[in-house]
Amino acid sequence: MRRSDQRRAAVFALYQAEVTDRPAEDLLARNATDFTRELVEGTARERPELDELISRYARGWSLDRIAPLELNIMRVALHELLHRPDVPAEVAIDEAVEAAKELCSAEAPGFVNGILGAVEREEIAS
């Protein structure tokens, strides 16, 4: 299974968890890969840190105004940017933008790219 598909599976599990108030780990398919499970567990564990970063860089937007699917795309990408040295920053950002293009509104890819790019430049690259 491609990593792109594994990332989307993680995003969907986290999204479903958010809208149903169920643990994300319970929403993973039985055949979920180790990579997908790590993304879900790491993102869920680090959610306060990830949300704080999104809030800081989403100027003029509160978290409750951001669509849950977009939020979870950014959370997974930020988890990879911050805690997965095996994933290049460009890959994490590109994958998130592609997911937003496929799954979200027309404005979402630019929004996701802007926030993730700012975090990468100001928090990680510096």
Side-chain angles (χ1 to χ4, degrees):
M1 178 184 273
R2 296 178 343 176
R3 278 199 161 183
S4 296
D5 297 327
Q6 295 174 68
R7 286 180 179 95
R8 282 180 177 71
V11 166
F12 284 133
L14 291 160
Y15 166 76
Q16 288 176 325
E18 187 164 342
V19 298
T20 64
D21 286 328
R22 293 178 58 201
E25 294 82 5
D26 293 353
L27 298 167
L28 285 171
R30 284 194 179 136
N31 63 344
T33 65
D34 290 341
F35 181 67
T36 301
R37 289 185 188 287
E38 191 282 324
L39 289 177
V40 167
E41 292 165 5
T43 302
R45 181 179 58 249
E46 296 148 7
R47 184 173 164 172
E49 170 193 11
L50 304 174
D51 284 355
E52 191 278 321
L53 282 170
I54 294 168
S55 292
R56 187 179 328 151
Y57 289 96
R59 293 177 176 94
W61 286 80
S62 60
L63 285 181
D64 62 340
R65 285 189 57 212
I66 301 172
L69 194 51
E70 290 173 35
L71 266 177
N72 284 294
I73 289 169
M74 289 188 284
R75 287 171 178 149
V76 169
L78 285 171
H79 166 71
E80 289 188 282
L81 283 170
L82 298 169
H83 301 285
R84 293 293 309 231
D86 61 315
V87 177
E90 301 81 24
V91 171
I93 293 170
D94 287 347
E95 289 283 337
V97 170
E98 288 303 313
K101 283 179 184 176
E102 181 182 321
L103 305 170
C104 302
S105 71
E107 297 81 24
F111 183 68
V112 167
N113 187 52
I115 291 173
L116 296 177
V119 171
E120 197 277 326
R121 278 188 310 278
E122 297 178 29
E123 302 284 333
I124 299 165
S126 58

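If you're wondering where the values come from, they're calculated on a predicted model, not measured in any experiment.
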Subject >> Heavy-atom pair of closest approach, residues E70 and S105 >> reply: OE2-OG, 3.9 Å
**OP:** To the nearest 0.5 Å, tell me how far E52 CD sits from L78 CG.
**Re:**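 Result: 10.5 Å between the selected atoms.
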Original post:
Going by an N to O cut-off under 4.0 Å, is there a salt bridge joining R7 and E98?
Top reply: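 The answer is no: the pair does not qualify as a salt bridge.
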**OP:** Tell me who clusters with V87, hydrophobic residues only, linked when side chains sit under 4.5 Å apart either directly or through other members.
**Re:**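 Its cluster mates, by chain and number, are V91.
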**OP:** Apply side-chain contact (heavy atoms from CB on, under 4.5 Å) to the pair N72 and E18, showing each step before the final yes or no.
**Re:** CA-CA 9 Å; N72 284 294; E18 187 164 342; 3.0 Å; yes
Subject >> ILVMFWY network linking L103 to L28, side-chain heavy atoms under 4.5 angstrom >> reply: yes
Original post:
Do the non-hydrogen side-chain atoms of S4 and R8 ever get within less than 4.5 Å of each other?
Top reply: yes
**OP:** Give the minimum heavy-atom separation between G60 and R65, together with the two atoms involved.
**Re:**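 Closest pair (atom of G60, atom of R65, distance): O-NH1, 3.0 Å.
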**OP:** Kindly work out whether a path of hydrophobic side-chain contacts (I/L/V/M/F/W/Y, heavy atoms less than 4.5 Å apart) joins L27 to F12.
**Re:**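 No, L27 does not connect to F12 through the hydrophobic network.
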**OP:** Looking only at non-hydrogen atoms, find the nearest pair between V40 and A24 and report the distance.
**Re:**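 Between these two residues, the closest heavy atoms are CG1-CB, 3.5 Å.
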Subject >> Main-chain N/O of M1 paired with Q6 side-chain donor or acceptor, under 3.5 Å >> reply: yes
**OP:** Please name the pair of heavy atoms, one in R22 and one in A17, separated by the smallest distance, quoted to 0.1 Å.
**Re:**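 Closest approach of R22 to A17, heavy atoms only: O-CB, 3.0 Å.
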Original post:
Roughly how far apart are D51 CG and I66 CD1, rounded to 0.5 Å?
Top reply: 8.5 Å
Original post:
Can you tell me if CG on D34 sees more than 12 non-hydrogen neighbours from other groups inside 6.0 Å?
Top reply: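 No, CG of D34 has 12 or fewer neighbouring heavy atoms, counting only those of other groups under 6.0 Å.
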**OP:** Using the salt bridge (charged side-chain N to carboxylate O under 4.0 Å, His left out) rule, take R3 and E95 through it: C-alpha gap first, then chi angles, then the decisive distance, then the call.
**Re:** CA-CA 9 Å; R3 278 199 161 183; E95 289 283 337; over 6 Å; no
Original post:
Do V97 and W61 share a hydrophobic cluster, counting only Ile, Leu, Val, Met, Phe, Trp and Tyr and linking them when any side-chain heavy atoms are less than 4.5 Å apart?
Top reply: yes
Subject >> CG-CD1 distance between L116 and I54, expressed to the nearest 0.5 angstrom >> reply: 7.5 Å
Subject >> Gap between atom CG of L39 and atom OG1 of T33 - 0.5 Å precision >> reply: 7.5 Å
**OP:** Give the C-alpha distance, both sets of side-chain angles, the deciding distance and a yes or no for side-chain contact (heavy atoms from CB on, under 4.5 Å) between L14 and R75.
**Re:** CA-CA 9 Å; L14 291 160; R75 287 171 178 149; 5.7 Å; no
Original post:
When you look at OH of Y15, are more than 12 heavy atoms from neighbouring residues, nucleotides or ligands closer to it than 6.0 Å?
Top reply: no
Original post:
Taking it one step at a time, do E123 and R56 satisfy side-chain contact (heavy atoms from CB on, under 4.5 Å)?
Top reply: CA-CA 11 Å; E123 302 284 333; R56 187 179 328 151; 2.5 Å; yes
Original post:
For the residue pair A96 and V112, what are the closest heavy atoms and their distance?
Top reply: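 Looks like CB-CG1, 3.9 Å.
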Original post:
Which distance, rounded to the nearest 0.5 Å, do you find between the CD1 of I124 and the CG of L81?
Top reply: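 With rounding to 0.5 Å, CD1 (I124) is 4.5 Å from CG (L81).
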**OP:** Show your reasoning for whether side-chain contact (heavy atoms from CB on, under 4.5 Å) applies to L82 and L50.
**Re:** CA-CA 9 Å; L82 298 169; L50 304 174; 3.9 Å; yes
Original post:
Do V76 and V19 share a hydrophobic cluster, counting only Ile, Leu, Val, Met, Phe, Trp and Tyr and linking them when any side-chain heavy atoms are less than 4.5 Å apart?
Top reply: yes
Original post:
Can you tell me how far CE of M74 sits from OG1 of T43, rounded to the nearest 0.5 angstrom?
Top reply: 12.5 Å
Subject >> Of E38, R84, R45, the residue whose pairing with H79 passes side chain to side chain donor-acceptor pair (under 3.5 Å) >> reply: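 Considering E38, R84, R45, a side chain to side chain donor-acceptor pair (under 3.5 Å) with H79 is found only for E38.
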Original post:
Between A92 and E80, which heavy-atom pair has the shortest distance, and what is it?
Top reply: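 Of all heavy-atom pairs spanning A92 and E80, the closest is CB-CB, 4.0 Å.
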